[in-house]
Amino acid sequence: MVTRSSVRRTMLARRGALMTELLVALSIVIFTIFPLALAFLNEQKLCRAYYYRALALEIVDGETEVLAAGEWRAFESGVHAYQPLAPAATNLPPGRFELTVSDGTIRLAWQPGRADAGGRVVREVRVR
């Protein structure tokens, strides 16, 4: 009978050590892997915002060149909703293009509907 109780104590000690090792492993996962995963998610959002901004810059620059070449004459003075001809505009998040025609200048702007979509893009050109 004495032998059984010493074996039982040994088994309980091993189980306790195994449980402690499991808790240490879980704490390592929680304190290292989860923050890394969150950092990757934030980096992904930032890359998406940079993509949207670059795409909006390309579209606004191209459309501004077309407008400056003479297309601006088709619009009256004031602020107008503008529909770009670039097929890549379908890759942009919800937002709006605005064309402002005033005396001697045209301004084309893209305003995203969300704050995390790269920000506002504006180009202004003097025309005659």
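If you're wondering where the values come from, they're calculated on a predicted model, not measured in any experiment. Numbers here simply count residues along the sequence, with the first being 1.
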First locate atom [atom1] of [X], then atom [atom2] of [Y], and finally report the distance between them rounded to the nearest 0.5 Å.
{"X": "Leu55", "Y": "Leu92", "atom1": "CG", "atom2": "CG", "value": "4.0 Å"}
{"X": "Cys47", "Y": "Asn42", "atom1": "SG", "atom2": "CG", "value": "11.0 Å"}
{"X": "Ile33", "Y": "Leu26", "atom1": "CD1", "atom2": "CG", "value": "12.0 Å"}

Show the nearest heavy-atom pair for residues [X] and [Y], with the distance to one decimal.
{"X": "Pro112", "Y": "Ala117", "answer": "CB-CB, 3.7 Å"}
{"X": "Ile106", "Y": "Ala68", "answer": "CD1-N, 3.9 Å"}
{"X": "Ala56", "Y": "Trp110", "answer": "CB-CE3, 3.4 Å"}
{"X": "Arg53", "Y": "Arg120", "answer": "NH1-O, 3.1 Å"}

Side chain proximity check, [X] to [Y], heavy atoms < 4.5 angstrom:
{"X": "Ile59", "Y": "Phe97", "result": "yes"}
{"X": "Arg107", "Y": "Val122", "result": "yes"}
{"X": "Tyr51", "Y": "Asn91", "result": "yes"}
{"X": "Leu67", "Y": "Leu99", "result": "yes"}

Can you get from Leu57 to Val125 by hopping between Ile, Leu, Val, Met, Phe, Trp and Tyr side chains that sit under 4.5 Å apart?
-> yes
Hey, quick one: are Leu46 and Leu41 part of the same hydrophobic cluster, counting side-chain heavy atoms closer than 4.5 Å, chains of contacts allowed?
->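 No.
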Is Leu85 isolated, or which residues cluster with it under the ILVMFWY side-chain rule of less than 4.5 Å, directly or via members?
->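 Other cluster members: none.
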Is there a side-chain contact (heavy atoms from CB on, under 4.5 Å) between Lys45 and Tyr50 once you walk through the steps?
-> CA-CA 9 Å; Lys45 286 181 182 179; Tyr50 285 154; over 6 Å; no
Verdict with reasoning, Glu63 to Tyr82, per side-chain hydrogen bond (donor to acceptor under 3.5 Å, both in side chains) | CA-CA 10 Å; Glu63 295 291 330; Tyr82 187 78; 2.6 Å; yes
Glu71, CD: over 12 other non-hydrogen atoms inside 6.0 angstrom = no
Atom CD of Glu124 with >12 non-hydrogen neighbours under 6.0 angstrom = yes
Short question: side chain of Thr105, backbone of Ser102 - any donor-acceptor pair under 3.5 Å?
-> no
Is Asp61 salt-bridged to Arg123, going by a charged N under 4.0 Å from an acidic O?
->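 Here Asp61 pairs with Arg123 in a salt bridge, since their nearest N and O are under 4.0 Å apart.
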